Amino acid sequence: MVTCCGCLSWQFLSVAYRYEASAETLSQAIRAAASEEPDADGSVLFGHLQGTVVGLRYYTGVVNQGEMVGLVRQPQNPYDRNAVMVANIYGNQVGHIKRELAAAMAYIMDNNLAKVEGVVHTGTKNKFTMPVMLAFWGKEENRNVVIEHMARRGYKVNTGGSTTAGRHTTRCSHMSLFLQSVGTPLLPHQKQALSWMCAQENKSALPPFWEKRGELYYNSLTCFSAKEVPDRVRGGILADDMGLGKTLTTIALILTNFHKGKPLPVEKCVSVLLNVYFSITVCTVLSDLCSTIERCLFMSRRSKIYAVMLMIVHFLICAGVDSSIPESADDLSATATLIISPLSVLSNWLEQFEQHVRADVKLKVYLYYGSERNRSKTFLSSQDVVITTYNVLSADSGVSEHSPLHGINWLRVVLDEGHIIRNPNAQMSKAVLDLKAQRRWILSGTPIQNSVKDLWMLLAFLRLKPFDVREWWNRVIQRPVTQRDRAGLKNLQTLVKCITLRRTKSSEVNGRPVVSLPEKMVCVEQVELSQSEREEYELARNEGRNTIGRYVAEGTVLRNYADVLAILMRLRQHCCHPDLLAKISSDLGAAATPAQLREHLIEKLRLVLASGSDEECSVCLDSIHLPVITHCAHVYCRPCIAQVISTAQETARCPLCRSEIKTNELVEFPQEEMEKENHTNSEKWRTSSKVQALMGNLLRLRCEDSSIKCLVVSQFTRFLTILETPLREHGFSFVRLDGTMSQKRRTQVIQEFQSSAPNSPVIMLLSLKAGGVGLNLTAASHVFLMDPAWNPATEEQCIDRCHRLGQKRKVFVTKFIVKDSVEENMVKIQKQKQDLLEKAFGSTNTDRKASRIDDIKALMEL
DNA sequence: ACCGCCGGGTGCC
DNA sequence: ACCGCCGGGTGCC
């Protein structure tokens with residue numbers, strides 16, 4: 001049996017045992033455990049039972065007083081198929097649960113009736129057996145089954161009030177924050193982040209909740225102790241807000257913190273100059289130096305001083321490095337940094353390397369992407385930086401036994417937008433966990449998207465012992481937090497603080513804002529419809545009002561809510577341009593045949609998805625993933641509604657309208673439908689009031705200053721198409737960016753638009769949802785939002801694409817709103833929709849889930 | 001294990 | 001004695 005680590009996880013033992021595996025790795029074991037470990041949410045404590053661990057003399061695993069132990073079923077054990085193995089936190093086997101007790105527990109464990117957890121309070125020095133306090137946790141409905149089952153076999157589960165047996169209080173007194181070793185907060189925020197990152201990589205302090213006690217290292221949360229130093233977490237989470245320069249800071253990190261705190265060796269002439277500048281360093285006031293570095297880093301890229309300054313930066317940082325790091329801990333053979341990023345921001349990395357690394361600094365950056373990518377391990381590991389995407393990584397790891405990226409010992413692995421890997425079962429996440437690296441980083445503006453659960457994957461990636469193993473995470477953090485245990489929240493907070501740096505746009509460093517963005521002016525421009533437009537609008541509105549009125553009278557608003565959205569959609573289109581209105585193929589009335597019904601449902605699904613409402617699934621409250629529509633015309637994520645149906649006792653009911661639902665009646669959007677969005681409108685082009693309002697603004701701006709660039713944003717791509725005609729007519733040079741474009745084309749378009757060349761485009765037609773976060777459109781200083789979005793956050797995100805770091809001008813945002821129209825009411829209707837949802841839910845799940853997330857976010861200053 | 005249990009040796013006091 | 005008792009060997013699952 002071969003392992004890559006000195007210590008085995010107990011999952012590893014169990015996995016290896018069960019499958020007789022020959023070369024399981026620790027991460028594979030963790031992966032297996034992750035997919036098997038049920039969520040700790042909502043578990044209740046049934047009670048305690050004193051048990052016995054036997055066979056101590058056969059194993060090396062030792063336990064401390066009060067230490068948590070893991071209990072693992074070993075159904076393939078040749079001596080007893082009921083065997084329950086006991087292991088300590090490092091996965092070293094301690095012994096077995098006594099046969100008779102194991103026989104009683106096996107049934108409960110195998111049928112998931114309860115999770116059994118052990119803590120050893122006494123007898124840790126015993127030679128042959130030791131007592132273990134077992135705690136039974138599970139769903140309320142299984143409480144009696146479990147207690148009765150144990151009782152039948154002569155084991156009385158103590159359900160009494162005294163819970164001291166299974167719990168223990170947490171000591172955090174010796175927790176020292178790691179930030180203390182890095183000094184100069186005089187520096188601007190990126191420098192601060194760089195210092196922090198270097199410190200995280202070089203530090204010798206113990207991971208959170210570990211302390212040294214005499215000769216041993218002790219974890220105060222799990223009461224585990226070990227002779228060996230626990231692995232340091234060399235890395236962390238840089239959770240700065242978008243636009244604060246996570247990319248740039250990471251590039252600076254790569255350049256400045258190579259081995260032993262020295263910078264990346266880039267050029268010979270640099271090291272010759274080093275000695276000269278060292279003497280300057282010593283006698284220069286730190287703050288002066290820092291501002292010099294600042295200037296060099298961000299402005300003057302002409303001077304050779306830049307590279308030297310990087311050396312000096314490292315010198316400053318090295319001052320904070322603890323000299324007690326054992327030399328052997330550094331694996332000097334690892335030299336390359338691997339950056340994994342979503343495809344949409346790949347180009348941004350390349351640009352930033354181009355822009356922020358001096359041209360005569362020879363940094364070897366390789367883009368590992370495309371079918372022609374160089375898969376040679378020798379080649380890849382000789383690079384300074386390799387950039388790739390999550391998809392390429394996971395494709396590589398799936399297809400070939402010898403994924404090149406997995407065969408390299410990386411100096412550093414950086415996950416850009418790291419929250420992407422929050423699902424531990426996803427191929428991508430698994431591929432990321434399998435990477436070998438000395439240091440690990442996660443860059444993410446939003447490390448917690450939905451719940452504390454999201455954090456586990458990140459901690460597992462960082463290999464934060466012992467929380468990279470799901471059981472310890474669940475027992476010590478997740479369950480206490482979901483059950484609103486104060487100590488649990490405090491532990492989580494401490495944990496996150498130790499490995500995360502987070503600043504928002506409004507954060508301050510030494511009393512000065514982190515970023516000084518130019519001012520932003522937002523104004524609403526009311527648009528009056530022309531008389532004929534108004535007539536058409538009123539006609540559609542009355543029709544819609546009748547329909548909705550009927551639903552209200554019948555009490556079927558929820559049942560028909562796809563129709564309601566469709567009506568609002570049509571009104572919104574009226575407000576923009578009459579030609580936006582798509583011909584509705586049929587009235588959505590009664591359907592005679594199943595085929596017809598299916599057609600109608602697909603039509604409704606199309607309307608809901610096209611309504612730009614960023615529809616959220618009422619089950620997971622997230623945006624809809626793999627949309628399906630029920631026969632009662634409500635849209636959910638397929639996995640969410642499938643779960644609702646499978647967990648229903650008898651007949652499953654729609655969470656929104658309580659109609660009966662069945663799995664085989666869920667309708668998906670047919671693939672071929674996606675393609676046929678090409679309504680080529682051969683009719684003659686005509687204008688609209690909103691078009692006129694926009695053109696008026698654009699023409700005025702061009703007169704004032706022809707260098708001004710504008711973003712013109714709409715949710716309707718066909719509206720963008722309509723706008724192309726008058727733009728061309730008036731001789732504006734423009735580009736267009738929408739969701740249908742290939743990545744290559746997008747990059748090209750953004751580059752063109754960002755260019756300051758005299759004949760570069762001055763207008764970008766942008767579809768609201770295109771690109772997602774991370775787009776940099778700072779060349780624009782004016783934003784025209786042609787139509788209001790359901791979700792104001794989407795609008796904000798869009799505005800932030802130009803109101804962000806690098807913006808030199810004051811930003812003007814104009815929102816066009818048609819007077820006396822649905823647009824004015826959209827925000828209100830959005831709120832009502834939310835109220836309806838809450839009523840349908842009886843305001844239980846929704847409320848609790850939402851407030852819980854808020855709690856955590858507030859506590860963690862997220 | 002300073003136990004329990006097993007199985008062989010042994011057999012009044 | 002087809003028993004009781006003694007004392008040695010032995011010991012997770």
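All values reported here derive from a predicted model rather than from experimental measurement. In what follows, chains carry the letters A, B, and so on, assigned in the order in which the sequence lines appear, proteins first and then strands, with residues in each chain numbered from 1.
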Rounded to the nearest angstrom, tell me the gap between atom [atom1] in [X] and atom [atom2] in [N].
X      : N      : atom1 : atom2 : value
A:M105 : C:dC13 : CE    : P     : 13 Å
A:N126 : B:dA1  : CG    : P     : 9 Å
A:N77  : C:dC13 : CG    : C1'   : 5 Å
A:R99  : B:dC5  : CZ    : P     : 15 Å
A:K127 : B:dC2  : NZ    : P     : 9 Å
A:E100 : B:dG4  : CD    : P     : 15 Å

Sugar-phosphate, base or nothing in reach of A:I97, heavy atoms under 4.0 Å: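 Here A:I97 touches the backbone only, sparing every base.
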Aro-ring/base stack A:F128-B:dA1, d under 5.5 Å, angle under 30°: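 The ring of A:F128 is stacked on B:dA1.
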Face-to-face stacking of A:Y58 with C:dC12, centres under 5.5 angstrom, angle under 30°: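 Ring-base stacking flag set for A:Y58 and C:dC12.
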Over 12 non-hydrogen atoms of neighbours within 6.0 angstrom of CD in A:E215: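 No, CD of A:E215 has 12 or fewer neighbouring heavy atoms, counting only those of other groups under 6.0 Å.
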Cation-pi, A:W441 ring and A:R412 (6.0 angstrom, 45 degrees):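 Negative - A:R412 is either too far from the ring of A:W441 or too far off its axis.
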Distance below 4.0 Å between A:R57 side-chain N/O and C:dG11 OP1 or OP2: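 Result: no.
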Take atom [atom1] in [N] and the same atom in [M], then report the distance between them in whole Å.
N     : M      : atom1 : value
B:dA1 : B:dC6  : C1'   : 15 Å
B:dG4 : B:dG8  : P     : 23 Å
C:dC5 : B:dT10 : C1'   : 9 Å

Selected nucleotide, minimal atom distance to A:K98 side chain, candidates B:dA1, C:dC13, C:dC12: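 For A:K98, the side-chain atoms sit closest to C:dC13.
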No-H, no-angle donor-acceptor pair, A:Y59 side chain to C:dC12 base, under 3.5 Å: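 Such a pair is found, so the answer is yes.
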Heavy-atom check, side chain of A:T52 versus side chain of A:L101, under 4.5 Å: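 No. Closest side-chain heavy atoms not under 4.5 Å.
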Ring geometry between A:H149 and A:Y107 (parallel below 30°, tilted from 30 to 60°, perpendicular above 60°):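 Correct class here is parallel.
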Watson-Crick or G-U wobble partner of C:dG9, both distances under 3.5 Å: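 Check on C:dG9: paired to B:dC5, both distances under 3.5 Å.
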Step-by-step side-chain contact (heavy atoms from CB on, under 4.5 Å) determination, A:R653 to A:T651: CA-CA 6 Å; A:R653 297 190 179 276; A:T651 47; 4.1 Å; yes
